[in-house]
Amino acid sequence: MLMNFDKLGAWRWILSGICALMALFLLLPILFIVALSFGNSRWLIFPPPGWTLKWYGELFADPRWLQAAFTSAKIAVIVMVLSVAIGLMASLALVRGRFRGREVLRGFFLTPMVLPVVIIAVALYAAFLRLGLNGTLVGFVIAHLIVALPFSIITISGALETFDPSIEDAAILCGASPWEARFRVTLPAISHGLFSAAIFSFLISWDEVVLAIFMASPTLQTLPVKVWTTLRQDLTPVIAAASTLLVLLTVVLMIAAALIRKGKSR
Amino acid sequence: MLSFLTPARRGSGLGMAMPALLLLLAFFVIPVAGLLSRSVTEPVTGLQNYETLLGSATYLRIFFNTFLVSGLVTLITALIAFPVAWALAIMPSRVAAVVFAIILLSMWTNLLARTYAWMVLLQQTGLVNRILMAIGIIDQPIQLTNNLIGVTIGMVYIMLPFMILPLYGVIKKIDPAILQAAALCGATKGQALRRVLLPLATPGIASGALMVFVMSLGYFVTPSLLGGTANMMLAELIVQQVQSLLNWGMGGAAAFILLVVTLALYALQLRLFEGKAR
Amino acid sequence: MTSPHLHINGIRKTFGDVVATDHVELEIGEGEFMTFLGPSGSGKSTTLYILAGFQDPTAGDIRLRGKSILQTPSHKRNIGMVFQRYTLFPHLSVGENVAFPLRVRRAPQAEIAAKVKRALSLVRLDGFEDRMPANMSGGQQQRVALARALVYDPPVLLMDEPLSALDKKLREEIQYEIRRIHQQTGVTILYVTHDQEEALRLSDRIAVFNRGRIEQVGTGPELYASPATHFVADFIGDSAFLTGELAEVKDGRATLRFTDGTVLADVPMHGVGAQGGKAELMLRPERIDLSDTVGPPGASLPVTVEDVTFLGNNSAVTARTGWGEPLYIRLNFGHPMMASVSRGDKLHVRWQPQDAHVFTKE
Ligand SMILES: Nc1ncnc2c1ncn2[C@@H]1O[C@H](COP(=O)(O)OP(=O)(O)O)[C@@H](O)[C@H]1O
Ligand SMILES: [Mg+2]
């Protein structure tokens, strides 16, 4: 009876209670910063004595915030495109290829996900010092790509595995050339996987802190780096404003992802 | 069954994996190997970096902090995640969908934004201290940041989804008929929980716990923002050695130890759970 | 004579040491419904895949209307195929699935619309254009696949066990549909199945596959009445085999001696066998009679009844020959022996001379 919600009796309320508390625990801090970003207390008193938009004003008045956001977006978009393209090719090899050591290769492709980012960051930092890539866009893109790629490969391989290659054969017999079959049939059929991989990759790059701290230079920094350096100085409400905008972006992307999933199941 | 290579699939050999392979070799394997090799070559060839790391109280304290926090975080998340995952597996799906949305929102919200929230909430004049004083548990604000309490709270917050989601997957797969059978056999709810549900969920708990533990060991952002320099963890040590002290030998040695522990636990995870799933 | 519509000319295909097909030789006429029948692993699919161009033969040729197509890539062969598995494009509606072959051929929009409508109507799925494949039953999906394969009027339609994933009732329903569509369109069909009933129900001719080779080609009645090999006799219809020794071989007829000394003279023989070699006598349960009197020489054997099972409209009798081999006889309801036969009876089985066949044993 433990797996039947209606037959749990009093336990039902205990479980629901724990679940609700946990949900509040996860949700409240996020709502809390959203609220603080509109509060007029520089000392982050809660509940705020009054409401204001001045933190957003400060945020947008400082060109460094905008600059950092723009850099973040630029890097995230490049990483997204490369991660999906390279991830798609790697997935095709892993799912469709017939060569020895395929499983080993799969494991290898996923290791950057398992290893602590801090190790990758320090190692890349040392390597980039020699190559002169620290503080460059290329350096950022490579670093973020390394950690985004495993997620891309997992997502796209997953989609590709559920796609029966006979369908591609059918397209070819229908008269499509092998490349036409790939572009008109296989890619659209796994498009949900490609979109998820794109969203994952974008978010991973967009949110990446540790790698970015090491890659950044005074002239080139991403939004998380800007938040990080500001945070280490003081807890200004401007960060609450920036965080709120980041939450907003997350919500938008989550809705997009949900819509894609819905579109797939239809 | 159709194991032949159709024309469409002939091109999908190792060649397609090349871009990813080269990228990872050049910018992952070689750099990491380079970093690790510096641990035995700088400042001079030898194991002296490891001797220093494992021989001095200062550094052992850092290892202790790292394992203590990771262990606590794992324990607390497991205790919270089990009832939550269980509830999610059986509650009406509309309600569960709301809870899932919250879990995903928190998971995907910028890490710094979330850590910032806890820095504000836990500070001396923060909401947590004031609520605790208002309900009379304490009468002086207590120190909740710049120590391991703050780190633990912040990390539990971040790790919870990583425990709930896999555990949910395991519990959801349990056939309700098994628990109906337990009830018909005369088991009370407590007995069914202890003797049937928990054992069946154990692989999920263990797998999630290992994952959370491993992730916590190498975490950098939350410990350094909520813990302060007095209560360092391993990842902070690596960064400090490399960035502030330019001591690549010590940084590499600490990284190597972290890497070995991580990979060993990961291999354990694969051995324990992949083998069983098949 | 003009060249056949489709000529499968001595196809051989090996995978390393495995010989998948060997010396497959077949001529198929335009509009014919030809079925490849055989157990799993006998090389049927391999032959179809070579036709489709998914695999290249190790040796041999495929000629369509007199011209070899081996050098033509799959997508230019213009061949239609329905697969065993569901291969509708999951992201396209039913209408777009059927339109796909026309779109890649860059057909004009008006023509596409008309042909799609016609093809869907042919498989009785009018008005399903906007459905997504995921929302259709297996039977419906295979009908759409059929429409998609027919919409460009292929010279040959290949079907590789298209109904094996469906349940029996649905399978019979769609078999009937396929027959109707064949008659309506006159398309040449190559159909693969391991189900003899399905093969008999659908086909003009059947090619029986065994271990990569075609054992016999013929219409259903031909295969049943005069199987060329032990395998065909065993695979099509029920049969019993009695093992003996060739006492004499002359003009394609044999005299058989069994271990207890019983002799059967003048039975039609298949295969090459020398005097003294082993051979088998094949009899079909429904083509032999049970009687208390001995029959003409060469068409009768004495047996002892071991078991009688009443099955409604017939009875199944198990009898044993003098040398101990079992023999099964089917007595239709109303047969004079049906009421009286019982265990231990010493009787005679009798048959028409053309119903017995001798196969040499290697
Ligand atoms: N790609 C392949 N590699 C190795 N052996 C194969 C391959 N495809 C088929 N075979 C072998 O060839 C034989 C014929 O297979 P197939 O044509 O699929 O038989 P059927 O369709 O009659 O069941 C089988 O023994 C099968 O194992
Ligand atoms: Mg087959």
Side-chain angles (χ1 to χ4, degrees), chain A residues 1-5 11 15-16 18-19 22-23 26-27 29-30 32-33 44 46 86 89-90 92-93 96-99 105 109 112 114-116 118-120 122-124 126-127 142 146 149 165-166 168-169 172 178 181-182 203 207 209-210 224 227-228 231 235 239 243 246-247 250-251 254, chain B residues 2 5-9 12-14 16-17 19-20 27-28 31-32 34-35 80 83-84 86-87 90-91 99 102-106 108-114 116-121 127 160 174 176 179-180 183 189 192-193 197 218 220-221 225 235 238-239 242 251 255 258-259 262 266:
Chain A
M1 302 291 111
L2 295 186
M3 293 292 280
N4 183 338
F5 197 62
W11 287 32
L15 275 188
S16 308
I18 296 175
C19 205
M22 191 278 324
L26 287 184
L27 185 60
I30 296 173
F32 175 74
I33 24 177
L44 302 161
F46 191 89
I86 298 176
M89 291 170 75
L92 279 171
R96 301 275 186 85
R98 301 268 172 274
F99 51 88
L105 193 66
F109 281 166
V114 184
L115 237 50
V118 82
I119 295 182
I120 304 175
V122 171
L124 266 181
I142 291 174
I146 298 285
L149 200 53
S166 302
E168 212 172 77
D169 293 344
I172 289 173
R182 272 197 185 149
L203 271 180
D207 279 344
V209 188
V210 183
V227 177
W228 171 264
L231 259 187
L235 296 178
I239 298 178
S243 299
L246 289 174
V247 171
T250 311
V251 173
M254 273 178 61
Chain B
L2 302 182
L5 283 181
T6 71
R9 269 167 272 158
S12 313
L14 196 53
M16 297 288 267
F27 297 110
F28 174 63
V32 169
L35 172 69
I80 301 175
V84 171
W86 177 16
I90 59 174
M91 69 179 18
V99 180
I102 292 174
I103 293 175
L104 291 180
L105 174 70
S106 121
W108 283 110
T109 293
N110 187 287
L111 175 63
L112 287 173
R114 286 180 285 167
Y116 169 77
W118 283 106
M119 290 168 80
V120 176
L121 281 167
L127 198 57
L160 254 179
I174 297 174
L179 287 143
Q180 286 163 359
K189 284 199 192 100
L193 172 64
L197 186 58
F220 171 70
V221 171
L225 287 177
I238 298 172
V239 172
V242 169
L258 178 57
L259 182 125
T262 302
Y266 184 60

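Within every chain, numbering begins at 1; the chains are lettered A, B, ... in the order of the sequence lines, protein sequences first and strands thereafter.
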**Item:** Structural part of A:Ile142 lying under 4.5 Å from a heavy atom of chain B
**Value:** side chain
**Prompt:** Heavy-atom distance under 4.5 Å to chain B: side chain of A:Leu246, backbone, both or neither?
**Reply:** side chain
**Message:** For chain A, which candidate among B:Ala87, B:Gly34, B:Gly251 shows the most heavy-atom pairs at distances under 4.5 Å?
**Reply:** B:Ala87
**Request:** Could you grab the distance from atom CD1 of B:Ile103 to atom CE of A:Met22, nearest 0.5 Å is fine?
**Result:** 4.5 Å
**Message:** Is A:Ala127 close to chain B through its backbone or its side chain, or both, or neither, when contacts mean heavy atoms under 4.5 Å?
**Reply:** side chain
**Message:** Let me confirm one number: the CG-CG distance from B:Leu112 to A:Leu231, rounded to the nearest 0.5 Å.
**Reply:** 6.0 Å
**Asked** Which atoms form the tightest heavy-atom contact between A:Ala90 and B:Ala20, and what is the distance?
**Response** CB-CB, 3.9 Å
**Top contributor to chain B interface from A:Val247, A:Leu105, A:Ile120, A:Leu124 [non-hydrogen pairs under 4.5 Å]** = A:Leu124
**Which atoms of A:Trp11 approach chain B - backbone, side chain, both or neither, heavy atom under 4.5 Å** = side chain
**Message:** I'd like to verify something: which residue of B:Tyr116, B:Phe27, B:Trp108 has the highest number of heavy-atom pairs under 4.5 Å with chain A?
**Reply:** B:Tyr116
**Message:** At a heavy-atom distance under 4.5 Å, which candidate from B:Leu104, B:Val221, B:Leu121, B:Leu160 has the highest pair count against chain A?
**Reply:** B:Leu121
**Message:** Does any backbone or side-chain atom of A:Phe32 lie under 4.5 Å from a heavy atom of chain B? Answer side chain, backbone, both or neither.
**Reply:** side chain
**Message:** So which residue, A:Val251, A:Leu26, A:Asp207, A:Val209, ends up with the most heavy-atom pairs under 4.5 Å with chain B?
**Reply:** A:Leu26
**Request:** Mind listing the closest non-hydrogen atom pair of A:Pro29 and B:Ala117 along with its distance?
**Result:** O-CB, 3.7 Å
**Message:** I want to check something: taking the side chain as every heavy atom from C-beta on, are A:Leu115 and B:Leu259 in contact at a cut-off of under 4.5 Å?
**Reply:** yes
**Message:** Is A:Val122 close to chain B through its backbone or its side chain, or both, or neither, when contacts mean heavy atoms under 4.5 Å?
**Reply:** both
**Request:** Sort out for me which of A:Ser243, A:Pro224, A:Pro112 touches chain B most, counting heavy-atom pairs under 4.5 Å.
**Result:** A:Pro112
**Prompt:** Is it the backbone or the side chain of A:Leu149 that comes under 4.5 Å from a heavy atom of chain B, or both, or neither?
**Reply:** side chain
**Message:** Between B:Leu35 and chain A, with a heavy-atom cut-off of 4.5 Å, which part of the residue counts as in contact: side chain, backbone, both or neither?
**Reply:** side chain
**Message:** Which heavy atom of B:Ala17 sits nearest to which heavy atom of A:Phe109, and what is that distance?
**Reply:** O-CZ, 3.9 Å
**Request:** Heavy-atom distances under 4.5 Å only: say whether B:Thr262 touches chain A with side chain, backbone, both or neither.
**Result:** side chain
**Distance (rounded to the nearest 0.5 Å) between B:Thr109 OG1 and A:Leu27 CG** = 9.5 Å
**Message:** Looking at chain A, which one of B:Val99, B:Ile238, B:Leu258 has the largest number of heavy-atom pairs inside 4.5 Å, strictly under?
**Reply:** B:Leu258
**Asked** Just wondering, do A:Ile33 and B:Val120 contact through their side chains at under 4.5 Å, heavy atoms?
**Response** no
**Message:** If I measure from the heavy atoms of chain B, does A:Ile18 come under 4.5 Å with its side chain, its backbone, both, or neither?
**Reply:** both
**Request:** For chain A, find which of B:Val32, B:Leu197, B:Leu193, B:Asn110 contributes the most heavy-atom pairs closer than 4.5 angstrom.
**Result:** B:Asn110
